[in-house]
Amino acid sequence: MTDFATSLRTHLAGSLRASHVGTSVRLGGWVHRSRNLGGIVFVDLRDRDGLVQLSFGTDWASAEAIAAAAAVGVESVVQVEGTVVLRDAATRNSEMGTGEIEVRATAIRVLGPAVTPAIPVARGKGEKLPAEELRLRHRYLDLRRPELQATLVLRHHLLQETRRYLAERGYLELETPILTKPTPEGARDYLVPSRVNPGEFYALPQSPQIYKQLFMTCGFDRYFQVARCFRDEDLRADRQPEFTQIDIEASFVDQEDILAMAEGLIGSLWRTGGQDAPAQFPRMTYADAMERYGCDRPDVRYGLEIADYSDAFRPLEFGITQAALARGDRIRGIRIPGGAAWSRKQVDELESLAKGAGAGGLLRVRKADGKYDGPIAKFLTPEAEQAIALEEGELALFVAAADRISNPALDRVRQECAARLGLASPDERRFLIVTDFPMFEQDPTTGALGAVHHPFTSPNAADMAAFPDEPHRWRATAYDVVLNGLELGGGSIRTHDPAVQSRMFALLGIGDTDEQERRFGFLLEGLRAGAPPHGGIAFGFDRITMLLAGATSLRDVIAFPKTTTARSLFEGAPTPVPPEGLAELHIRVQEG
RNA sequence: GGGGGCGUAGCUCAGUUUGGUUAGAGCACUCGACUGUCACUCGAGAGGUCGCGGGUUCGAGCCCCGUCGCUCCCGCCA
């Protein structure tokens, strides 16, 4: 147990217990709240460990000390001397960790007087938090709240566990540059001008991807880093412009080696956060996930799986489905137990969600009182009813479209239905590993290929051999770790053959070898110099912390976060710089 | 880039529906009373550019237009 005693104090205030009764203590901390009853003054003293009640009574404290205690303002920093005493049974406070005792204070010294706080640190029961804008503006006060302190302490423990787990397994914590090379693909880069190289710019890293692969070519074999990453894209509640990844790479591995390590790491982090996790996570292929859930990171806490009803519709004289089937599309849908009771309006709301996701509409039929009912019921033959096979009280919703359309639409509808029916238990944790992502995605209009994961991912060797001229059919050796429909992290086995890597660049539209060398030469050179097979994974550390802290915003697990316009309200960044500063960097700001 | 929500005292919010005298409450703050409270209690007081700008009107916190900030979502982003 750490001893927090220093020259100025003997104990942490929040750590005092009945076992300290009789001890003379000197404490330092913040005035959380005080109660002045006239002849006796109570002060709740706060530090990182919690609260303790100080009492200033005439029987043990001087009139000066009592007056000083009565006068000190909340959030002031004080140093206090006194004795730990057991409280009378009637005055114990079971809501405080220190509630069995109090400190009979004999002296108080104000070390850091505080102006009246702009936002309250101590809140009454049921009192709401101040507006987030004010919490960010006055972050020096907001971070004093025990809830945020507990979150940052948890973040610390998760970081330490990450380091312990990986270091114990031979992973070396290696650092990579913050000033790096701009990368035109992927997210927008944050650029940093170079003073000594006029007109040239560094970029802040979107991830240390290439550097960690170079570590592998150098033989460092197992690497990890708690890496700060930067992406200049629009923000969300779960997206900050700078964020932290647990970045991992290893050599002489295949997918299973990485996934076994990832399962172990995630499990130990969840246990650190006070929650259990299974030793192994179920696997699901990307194709299976898309077919059954319409989504590459399905929430498998509930069913409502998508099924293919094309065969049931094929014989029907029903224009919409006939047209879809004639185009080669499918009729896919989900069945919702209890959904037959939903009103027309409620189902219309589902349809508008589906339309928002790109579908033309939802075909609906339900079974109530033993009969099929709804707009398309009259087209259903007895054979079709038998094929669809609804149970009493079920509602079925279909999308007649290409999978590219029906997947996102049915995913959205499925999630909303689960929310309505309360199917996703907040206490349940269903980890999942999704494998066999496609290597490329094809732009529906131009037909151009883009990397689903990133250009350094190794294609599935069997697919390359089987369809050498059909790269859009290749799967990648890429995988994601998913929890309850949220992506925790993802990775891949990389291409370590420079010729294959060069071909991948060409397939992605960078066919010119000079351009390849200019943009990715430092990777290709490393691969040509003798590279081992390697692969890795990266986890979103902020999101993991958010989940384990029970927070709903990344801003609550980052000490000094940015707003949705990428501003820091506390320190006030970004900010204009004087013309001299710009001139030195050879930069001119354009108006408008 | 687009759409929604919010903006009234230091903080949390009423008041805006249907424009009308001097804009209210709780907490915090200041002063006073109180010897066992723990959201102490009680009394008194101070505290307002109703985000900002413009417009309509005899009159605007309230209606209209614009704008700024925060936030949620789409696009974007692995």
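Convention: sequence-line order gives letters A, B, ...; per-chain numbering from 1.
- One finds no side-chain N or O of R35(A) lying less than 4.0 angstrom from the OP1 or OP2 phosphate oxygen of U37(B).
- Between the CZ atom of R123(A) and the C1' atom of A28(B) there is a distance of 14 Å, given to the nearest Å.
- Of the candidate nucleotides G36(B), A78(B), G1(B), G1(B) has the atom lying nearest to any side-chain atom of D234(A).
- Looking at R236(A), its side chain comes within 3.5 Å of the base of G75(B) through a donor and an acceptor atom.
- Non-hydrogen atoms lying under 4.0 Å from RNA chain B are contributed by W60(A), all within residues 59-77 of chain A.
- In terms of modelled atom types and a separation under 3.5 Å, the side chain of T180(A) and the main chain of A203(A) share a donor-acceptor contact.
- R144(A) and E75(A) are joined by a salt bridge, as a carboxylate oxygen and a charged side-chain nitrogen come within less than 4.0 angstrom of each other.
- The nearest whole Å value for the distance from the CG atom in L141(A) to the C1' atom in A28(B) is 13 Å.
- At a cut-off of 3.5 angstrom, the base of G36(B) holds at least one donor-acceptor pair with the side chain of E102(A).
- The phosphate of C40(B) (OP1 or OP2) has a side-chain N or O of R33(A) nearer than 4.0 angstrom.
- Atom CD1 of I119(A) is separated from atom C1' of G10(B) by 11 Å (rounded to the nearest Å).
- R239(A) contributes a side-chain N or O that forms a donor-acceptor pair with the base of C76(B) under 3.5 Å.
- Identified under the ring pair (Phe, Tyr, Trp, His ring centres under 6.0 Å) test for residues 223-249 of chain A, with sequence neighbours left out: F215(A)-Y223(A).
- A salt bridge between D480(A) and R297(A) is absent, with no side-chain N of the basic residue lying under 4.0 Å from a carboxylate O of the acidic one.
- Checking C38(B), A78(B), C70(B) against the side-chain heavy atoms of A187(A) singles out A78(B) as nearest.
- In this model, no side-chain donor or acceptor of T564(A) finds a partner on the base of U71(B) within 3.5 Å.
- Interface remark: the N93(A) side chain does form a donor-acceptor pair with the C38(B) base, using a distance-only criterion of under 3.5 Å.
- Across all strands, L51(A) comes closer than 4.0 Å to no nucleic acid atom at all (heavy-atom distances).
- As a whole-Å value, the separation of E133(A) CD from G10(B) P is 14 Å.
- With hydrogens and angles ignored, a donor-acceptor pair under 3.5 angstrom links the side chain of R87(A) to the base of C38(B).
- A salt bridge between E249(A) and R494(A) is present, with a side-chain N of the basic residue lying under 4.0 Å from a carboxylate O of the acidic one.
- With C77(B), U37(B), C70(B) as the choices, the nucleotide that has an atom nearest any side-chain atom of F42(A) turns out to be U37(B).
- For U37(B), its base sits under 3.5 Å from the side chain of Q53(A) at one donor and acceptor pair at least.
- Looking at residues 240-250 of chain A, you'll see that no heavy atom sits under 4.0 Å from any atom of RNA chain B.
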